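Report on one structure; see the data block that follows.
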There are 4 protein chains.
Amino acid sequence: MEQEVESKRRGPERSEKARIAILTAVAERLLASGYDSLTMEGIAADAGVGKQTIYRWWKTKGDLVADSLVEGFLIPDVFSPKNTGDIRADLTNWLKTIAKFLKTDTNSELLRSLVIASVNNPEVGENMYNRLGVIAMFNERFRAAIASGELPADTQVMEIGDALFGSIVLRVLRHGKIDETFITQIVNLLLPK
Amino acid sequence: MEQEVESKRRGPERSEKARIAILTAVAERLLASGYDSLTMEGIAADAGVGKQTIYRWWKTKGDLVADSLVEGFLIPDVFSPKNTGDIRADLTNWLKTIAKFLKTDTNSELLRSLVIASVNNPEVGENMYNRLGVIAMFNERFRAAIASGELPADTQVMEIGDALFGSIVLRVLRHGKIDETFITQIVNLLLPK
Amino acid sequence: MEQEVESKRRGPERSEKARIAILTAVAERLLASGYDSLTMEGIAADAGVGKQTIYRWWKTKGDLVADSLVEGFLIPDVFSPKNTGDIRADLTNWLKTIAKFLKTDTNSELLRSLVIASVNNPEVGENMYNRLGVIAMFNERFRAAIASGELPADTQVMEIGDALFGSIVLRVLRHGKIDETFITQIVNLLLPK
Amino acid sequence: MEQEVESKRRGPERSEKARIAILTAVAERLLASGYDSLTMEGIAADAGVGKQTIYRWWKTKGDLVADSLVEGFLIPDVFSPKNTGDIRADLTNWLKTIAKFLKTDTNSELLRSLVIASVNNPEVGENMYNRLGVIAMFNERFRAAIASGELPADTQVMEIGDALFGSIVLRVLRHGKIDETFITQIVNLLLPK
DNA sequence: CGGTAACCGAGACGGTACGTCTCGTCTTGGG
DNA sequence: CCCAAGACGAGACGTACCGTCTCGGTTACCG
């Protein structure tokens, strides 16, 4: 991950242009041809940057992916669940957004790449949760539903979250579809009326 | 994957000794230091085999892992669920076996390696299900429970399976524990009394 | 070189068809793309022959080339010098035949290949002398000229031969021309009127 | 006013240490065991260098040999012919130096290796001429002899050179001796009194 | 205002591994 | 015992990247 800012130093400041170029190159490569083709030399070439500029600010490939993810180069900002007061409806709608996103080969391949990256760097996994709104859905929306009495206080929130997102990951790993039937079934299973 | 047997050809037959040596080497490397250190040259050296002998019979690294998995070099034969007539007890016991297996760093690292391998080769994923008894648990034990009336006929068997195994995979990816608490909670969630 | 025939042995006799196919394949490869592309596997494939059949009868690549040369697959039978009673005229005519032969890229490349082969197998060099008529020219035609009194008895026959053929080899090695001027000059130099 | 046309390159300069190590390794391998054992991997290993560093600067094995030759790693600097005013004596002495050099198996094997290398790279042949003093002998010493009237103006200098050096090459190819008798005879033949 | 420390691009370096090719030997089954 | 086929252990080929190091050039603070 990126280093912290020091108090005062000499010399030029970090080039924002280079930083953006690098994270953009990471995203383009990842989306275009998957994790295997994500080479440091390729990124440097695409970004028009020296390799040292990459290694100066990121230690590993996983850090690069994590950062590119955090900064929104990989997954759009559309996965914040709404709160209409109906937890089942909100969950279903959120799942539909995810299903739509994963419908393209590019995006499901991206998710597979992120799974690989998260093996080498746990931060990738965490950020993936964030970008896809998993945290927002379960840590916030579900907690709110409990607070409002819509759900019982002993609801196993994180277990439901893992079961739900785990189902999705498994399906994507085996190139399966995330369709309406699946959404209905999984919601019924994990959030019975 | 391995080629099919032809009708009749001339020349020496495939060396079983080499085949075993290769699959053993794959398993040893995978268990010892993960997917990243699984190099074709290393496998060949460990197995005392020419590289061409590997490429003659397997096209990709994923094929090697899939075969090593299928032939039982990676995961032991201990995950067949029992049928005591009590589906909750049988599921819980099966989960405990898996939890015990994944308790060691070696084995949880192995599962992470298999997840990576399954991205490049879907067969790895399928065979992982088989070896860990996921198929046996859900396609057989659950079906039997439905047949015996222990479970309702409309039980979403595969959805439960994915949710359960997906939870485990997610937990292992983020180096989390699979403990008794988790087992109790997930069973309660997915198989309510 | 090929093995000697034993007195009596069991089993089928050596396949003449295979022998010819192999020597033909050697010649074709050598003429088509030079010594570097002369691989044992390529020869076997071209000849429709098992590799062992080659190794059974020839020990080295050089032996193959030597045999292909001896049997006339590489250099045609047109280099026997005539004896018109005029040694200068006969030598000049013989040189013109050689010059014509070496005019094509294929043949000059062949000679370069034979030079390489002769480094690994001296027999190739000797047979090259034979096929190009060097032996016939100097060991026979020159001796005859001495016997008939056309040349002095102390003529350094083999030295002249080496000087002449050496000039040609050097020129071919450096891709130089063997033209009429060269022939006139070298004859004047080595066989002064 | 002169313009600074050369745009200075950025980045590290070529490593002279690596360059010398590589050419030395080429020479050692060539002298120790001939052209066949001259492998790129072996050179890289001997020189303590990555293979890419070789391929970065030399395209072929022949280029390596040519460079090693040019830089004097293969043939010593002792073949400049003298000018005593007696061309026959100078030629004879030069030939004796060469004969002495070629007396060892190592050096005659080296010459055979250089002949092979020159087939793939004409520069090797040219540089061999230079290092052995052939150019100096014929293009300079002979021209001087003509200028001083010691030799007739129409002397076929290069033809004599080729005939002489060709004789030597042929003899070395067939593992023959370059002895005093040979030298006397060839000088008498090509430079009659 | 000159020194100097950290930035940048480029890219050479010693390495590892890739997947392919060929070597020479060995092993089948058929003639 | 010959033959075609071809598997085998071995190892070189030339390429792609790795992560480190070294250039010359460019800021931007600091004394």
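Just so it is clear: chains get the letters A, B, ... in the order the sequence lines come, proteins before strands, and each one is counted from 1. Because the structure is predicted, anything quoted here is derived from the model rather than measured.
- Counting all heavy atoms, side chain and backbone alike, A/V124 lies closest to A/L69 at O-CD2, 3.6 Å.
- Using a 4.0 Å heavy-atom distance criterion, C/K61 is classed as a sugar-phosphate-only contact.
- Distance CD1/B/I22 to CH2/B/W58: 4.5 Å, rounded to 0.5 Å.
- D/I22 has its CD1 atom 14 Å from the C1' atom of E/dG15, to the nearest Å.
- Relative to the six-membered ring of B/W57, B/R19 misses at least one condition, a distance below 6.0 Å or an angle of at most 45° to the axis.
- C/V65 and C/A117 make their closest contact through CG1-CB, 4.0 Å (heavy atoms, listed as atom of the first residue, atom of the second, distance).
- Near DNA chain E, meaning a heavy atom under 4.0 Å from it, residues 36-45 of chain D has no residue at all.
- One atom, CH2 of A/W58, and another, C1' of F/dG19, lie 16 Å apart when rounded to the nearest Å.
- Note: NZ (C/K17) to C1' (E/dG31) measures 13 Å, nearest angstrom.
- Applying the side-chain hydrogen bond (donor to acceptor under 3.5 Å, both in side chains) test to pairs two or more places apart or on separate chains, those with a residue in residues 22-35 of chain C are C/R29-C/D46, C/S33-C/S37.
- Remark: D/E109 pairs with D/R112 by the side-chain hydrogen bond (donor to acceptor under 3.5 Å, both in side chains) rule, at least two apart or across chains.
- Residue pairs meeting the salt bridge (Lys or Arg N to Asp or Glu O under 4.0 Å) criterion with at least one member in residues 115-125 of chain D: none, sequence neighbours excluded.
- A search for side-chain hydrogen bond (donor to acceptor under 3.5 Å, both in side chains) contacts involving C/K51 returns C/E41, not counting sequence neighbours.
- To the nearest angstrom, P of E/dG15 lies 17 Å from OH of D/Y55.
- In this structure, B/K59 atom NZ and E/dT20 atom P are separated by 11 Å, rounded to whole Å.
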What string of B, S and - do you get for nucleotides 2-9 of chain E, 5' to 3', if B is base contact, S is sugar-phosphate-only contact and - is no contact with any protein heavy atom under 4.0 Å? ---BBSBB

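- Rounded to an integer number of Å, the gap from CG of C/D46 to P of F/dA4 is 14 Å.
- Looking at D/K51, its side chain has no donor and acceptor atom pair within 3.5 Å of the base of E/dG15.
- As rounded to whole Å, 12 Å separates atom C1' of E/dC18 from atom CD1 of B/I54.
- Looking at every heavy atom in both residues, C/M128 comes nearest to C/L114 through SD-CB, 3.6 Å.
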